[in-house]
Amino acid sequence: MKTRTVNTLMLIAVVLLAVLPLIFATGEFGGSDDAAEQLIQSIEPSYTPWFSSLFELPAETESMLFALQAAIGAGFIGYAFGYFKGKVSKSKNQ
């Protein structure tokens, strides 16, 4: 197959993987913190947390920080792959 055909098929697959779960997934998206809190409250109703947060960030800020963390991690992994690939290519040329 030509490179352009393979790239087009891969792009279509990525778009489908991103869009189909949004269309067909039903239910509520909740965080694990909330699920854990509800489970603890159902097991031991008299439980009180040891401490509480000093301040609560807005949901948008939490999402932004999570996305930033993911982007930094992906950048680091991409840099490492490129660095080691370049190192192998350099050693082959010499």
What about [X] and [Y], same hydrophobic cluster or not, with Ile/Leu/Val/Met/Phe/Trp/Tyr joined at side-chain heavy-atom distances under 4.5 Å?
X     : Y     : result
Leu20 : Ile12 : yes
Val19 : Leu16 : yes
Val88 : Phe81 : no
Val6  : Leu11 : no
Val15 : Ile23 : yes

Which other residues end up in the same hydrophobic cluster as Leu54, if Ile, Leu, Val, Met, Phe, Trp and Tyr are linked when side-chain heavy atoms come under 4.5 Å apart?
Phe55, Leu57, Met64, Leu65
Excluding sequence neighbours, so at least two apart, what forms side chain to side chain donor-acceptor pair (under 3.5 Å) with Ser89?
none
Counting only heavy atoms not in Tyr47 (residues, nucleotides, ligands), do more than 12 fall under 6.0 Å from its OH?
yes
Approximate separation, where rounding is to 0.5 Å, of Thr8 OG1 and Lys2 NZ:
11.5 Å
Atom pair CD/OG of Gln41 and Ser46 - distance to nearest 0.5 Å
8.5 Å
What are the two closest heavy atoms between Pro21 and Leu17, and how far apart are they?
CD-O, 3.1 Å
